[in-house]
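Structure first, then comments.
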Amino acid sequence: MSDQDLQDQIILQQLSQVEKFSSVHPRPDFDADFTYGTAGFRMRAELLDSVVFRVGLLATLRSRKLDGETIGVMITASHNPPEDNGVKMVDPQGEMLEASWEVYATRFANARSDEDLAREYFNVAETLKIKLDAPAKVAFGRDTRASGPALVSALKDGLTAAGAEFSDFHVLTTPQLHYIVKSINTARSSNPYGEPNEAGYYRKLSSAFNAVMQGKPKPKLITVDAANGVGGPKLAELLEVLGGDVLDVNIINDDVAVTDKLNYQCGADFVKTQQKLPLGADPEPSQLYASLDGDADRIVFYYVDEAKKFYLLDGDKIASLAAMFIQELLGQSGIEDLQVGVVQTAYANGSSTTFIQDVLKVPVTCTSTGVKHLHHAAQLYDIGVYFEANGHGTVLFSPSTIKALETFEASSPGQQSAVEMLLSLADLINQTVGDAISDLLLVVAVLAHKSWGPSEWNLAYTDLPNRLVRVVVNNRFAFKTEDAERRLVEPQGLQAQINDLVKKYKFGRSFVRASGTEDAVRVYAEAATRLEADELALKVSELLKGL
Ligand code: 16G
Ligand code: MG
């Protein structure tokens with residue numbers, strides 16, 4: 001048989017496998033189109049069987065395209081209610097799926113029949129010159145949702161149909177899967193990221209934390225609300241590896257057995273949007289509290305004062321704290337040519353941006369909403385701190401920064417210890433994606449170094465009062481923005497009306513953008529006082545009536 005004949009035979013066999021397996025995972029009756037958005041596919045779990053099966057096919061093709069590097073697939077719906085689920089792909093270095101592939105994911109999910117799907121599969125392979133007999137590897141995990149195991153079966157069928165080799169990592173946090181994917185793909189390089197398994201993840205974090213905390217007293221008790229999600233048991237495992245003398249953590253909302261408690265009146269999203277304590281948190285003045293979201297890639301902190309008044313320490317506060325500490329360490333190290341920068345979105349509180357730029361003298365970049373945008377912008381700095389206000393974020397150390405730190409010749413013990421601290425931080429902070437557990441350790445460590453409690457942290461700057469309003473409109477796709485979502489281009493004339501309103505308020509700022517996850521637009525407003533921020537948000541929302 002000629003090479004060509006052999007190739008043709010492989011293609012035919014694989015297409016018939018795809019069709020055969022697909023018939024067991026039919027596309028449900030679903031009027032709208034599925035879309036691979038900022039957080040992958042996410043919806044009610046019963047609609048997802050065919051989608052997850054098809055992601056298995058696409059992950060296989062992506063691995064083949066990338067010379068057999070391992071691709072990750074995570075089954076989770078993060079902070080969504082328990083009846084939802086979702087799926088997203090992870091690229092070889094632990095990053096989010098390259099944006100140009102999102103359209104293929106969308107096309108696969110929307111193919112109407114098994115034959116259509118096989119055709120799409122063939123078309124993508126053909127267009128991208130992917131050899132269908134090339135090796136493919138996929139690693140996957142899921143959160144604690146009840147629908148997870150059935151979706152894992154659908155995924156395995158997709159991977160089997162397309163001929164991938166796969167590893168099931170069972171229940172994981174999203175950042176753990178990102179860590180594992182990067183670790184697998186760097187295992188044979190000169191610079192392996194870590195042992196490619198959960199135990200390796202705990203070991204890496206705990207040894208970095210111990211290094212960073214050397215000589216510091218044990219921090220006061222921290223209460224962590226785990227949203228009744230996967231972060232609870234995983235944080236408990238990490239604490240066991242750390243040993244009891246290092247950190248006292250009281251984990252609350254860690255019931256993953258009763259699956260409908262997930263994210264119910266608890267978790268990072270609840271605390272950030274409601275600005276109050278989660279269920280089950282006893283308010284102890286001046287104690288540090290934190291809430292993770294359902295897949296532990298997002299964290300916010302908070303505390304109450306003597307009068308039990310609630311104070312939120314959100315992603316902007318975390319970014320400011322991290323940037324401050326890193327800037328100080330760079331100063332102490334004597335290294336002059338490393339640039340730390342902060343990446344935020346338009347939702348960042350104006351006070352945080354002013355503080356970072358004017359007080360810390362650290363440059364700030366603003367990007368569109370969504371982790372992948374911030375991540376890419378942060379990669380442009382030597383040390384890039386990125387956080388969304390909602391608590392998604394991390395700190396990236398570029399490879400050349402690590403090299404510069406490793407080879408730096410310190411001329412004093414002070415310089416030496418600052419450089420070592422920066423290197424330990426790079427190990428402590430998840431380099432692939434925002435990680436609630438790793439960010440928790442980072443914040444605890446920085447506070448220990450500064451001998452700060454939560455109120456001192458909060459006092460670094462005062463948030464401007466702000467208001468976020470969700471407005472249902474006829475067509476959210478009519479809202480087009482520019483300048484990192486800070487200005488509307490369409491509907492025409494609307495931005496000028498917003499500008500006229502904003503001008504009337506001291507420290508006024510407002511913008512409107514279409515949500516990427518819900519059928520609505522969001523109005524953000526901030527101003528000098530609570531009343532003014534509320535009024536500005538209301539007036540801008542009124543401009544949207546009838547649109
Ligand atoms: C997604 C994004 C999150 C963003 C949110 C905005 C990831 C992993 N998640 O959850 O970063 O803040 O969408 O939602 O990128 P919105 O478009 O509905 O305002
Ligand atoms: Mg999440």
Side-chain angles (χ1 to χ4, degrees), residues 35-43 72 74-81 84-91 94-99 102 141-145 172-178 225-231 234 262-263 266-273 291-300 314-316 319 343-348 366-378 386-394 430 432-439 468-473 476-477 479 481 484-485 511-524:
T35 348
Y36 193 100
T38 42
F41 295 107
R42 204 183 277 184
M43 65 199 69
M74 183 70 198
I75 296 177
T76 178
S78 187
H79 63 271
N80 283 39
D84 286 5
N85 214 327
V87 60
K88 52 189 173 187
M89 285 168 61
V90 178
D91 264 358
E95 295 166 338
M96 308 245 162
L97 174 66
E98 185 185 295
E102 292 178 2
R142 63 174 174 92
D143 68 15
T144 52
R145 283 162 201 270
L172 291 177
T173 69
T174 294
Q176 284 181 322
L177 180 73
H178 286 252
D225 151 33
N228 294 313
V230 63
K234 300 306 178 184
L262 175 67
N263 297 321
C266 59
D269 198 61
F270 173 85
V271 172
K272 167 81 181 159
T273 53
S291 282
L292 321 181
D293 75 338
D295 63 337
D297 66 350
R298 179 175 160 191
I299 189 165
V300 294
D314 64 2
D316 302 338
V343 184
Q344 305 185 305
T345 71
Y347 291 110
C366 182
T367 70
S368 297
T369 303
V371 171
K372 64 182 175 213
H373 301 296
L374 289 103
H375 190 94
H376 289 139
Y386 76 83
F387 276 90
E388 290 188 309
N390 64 20
H392 273 295
T394 194
N430 195 322
T432 61
V433 77
D435 180 338
I437 293 180
S438 155
D439 290 340
L468 186 61
V469 187
R470 178 178 177 276
V471 183
V472 177
V473 292
R476 74 177 148 126
F477 299 105
F479 290 75
T481 59
E485 302 175 329
F511 65 93
V512 176
R513 64 174 271 279
S515 160
T517 63
E518 288 182 82
D519 194 9
V521 298
R522 302 198 197 285
V523 173
Y524 178 88

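When a ligand or atom number is given, it counts from 1 through the structure's own listing order.
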Are [X] and [Y] close enough that some pair of their side-chain heavy atoms sits under 4.5 Å apart?
| X | Y | answer |
| --- | --- | --- |
| F511 | T481 | no |
| D269 | D293 | no |
| Y347 | T369 | yes |
| L97 | K88 | no |
| D297 | H392 | yes |

- Note on the structure: Sorted by chain and residue number, the side chain to side chain contact (heavy atoms under 4.5 Å, CB included) partners of T38 (sequence neighbours excluded) come out as T517
- Shortest non-hydrogen contact from C366 toward T345: SG-C, 3.7 Å
- Looking only at distance, does A514 have an N or O less than 3.5 Å from an N or O of ligand 1? no
- Does an N or O anywhere in M96 fall below 3.5 Å from an N or O of ligand 1? no
With respect to the Mg ion (ligand 2), what is the nearest N, O or S atom of [X]?
| X | result |
| --- | --- |
| D293 | OD2 |
| D295 | OD1 |
| D297 | OD1 |

Could you identify the single nearest non-hydrogen protein atom to [atom] and state the distance to 0.1 Å?
| atom | answer |
| --- | --- |
| atom 11 (O) of ligand 1 | E388 OE1, 2.5 Å |
| atom 1 (C) of ligand 1 | T38 OG1, 3.6 Å |
| atom 7 (C) of ligand 1 | V371 CG2, 3.6 Å |

Give the atom numbers and elements of ligand 1 that come within less than 4.0 Å of a heavy atom of [X].
| X | result |
| --- | --- |
| R522 | 16 (P), 18 (O), 19 (O) |
| H392 | 3 (C), 9 (N), 11 (O) |
| S515 | 16 (P), 17 (O), 18 (O) |

- Message: Check this for me, if you would: do R42 and D84 make a salt bridge, where the nitrogen-to-carboxylate-oxygen distance has to be below 4.0 angstrom?
- Response: no
- Is any side-chain N of the basic residue among E102 and K372 closer than 4.0 Å to the acidic one's carboxylate O? yes
- Inter-residue atom distance Q176.CD - D435.CG, 0.5 Å rounding: 7.5 Å
- Task: May I ask you to check if any N/O/S atom from S78 comes under 2.8 Å of the Mg ion (ligand 2)?
- Result: yes
- Task: Say whether R513 and ligand 1 are in contact under the criterion: heavy-atom distance to a ligand atom below 4.0 Å.
- Result: yes
- Note on the structure: Counting heavy atoms under 4.0 Å, the part of T345 that contacts ligand 1 is neither
- Task: Can you figure out which of T369, N390, L374 has its heavy atom closest to atom 6 (C) of ligand 1?
- Result: T369
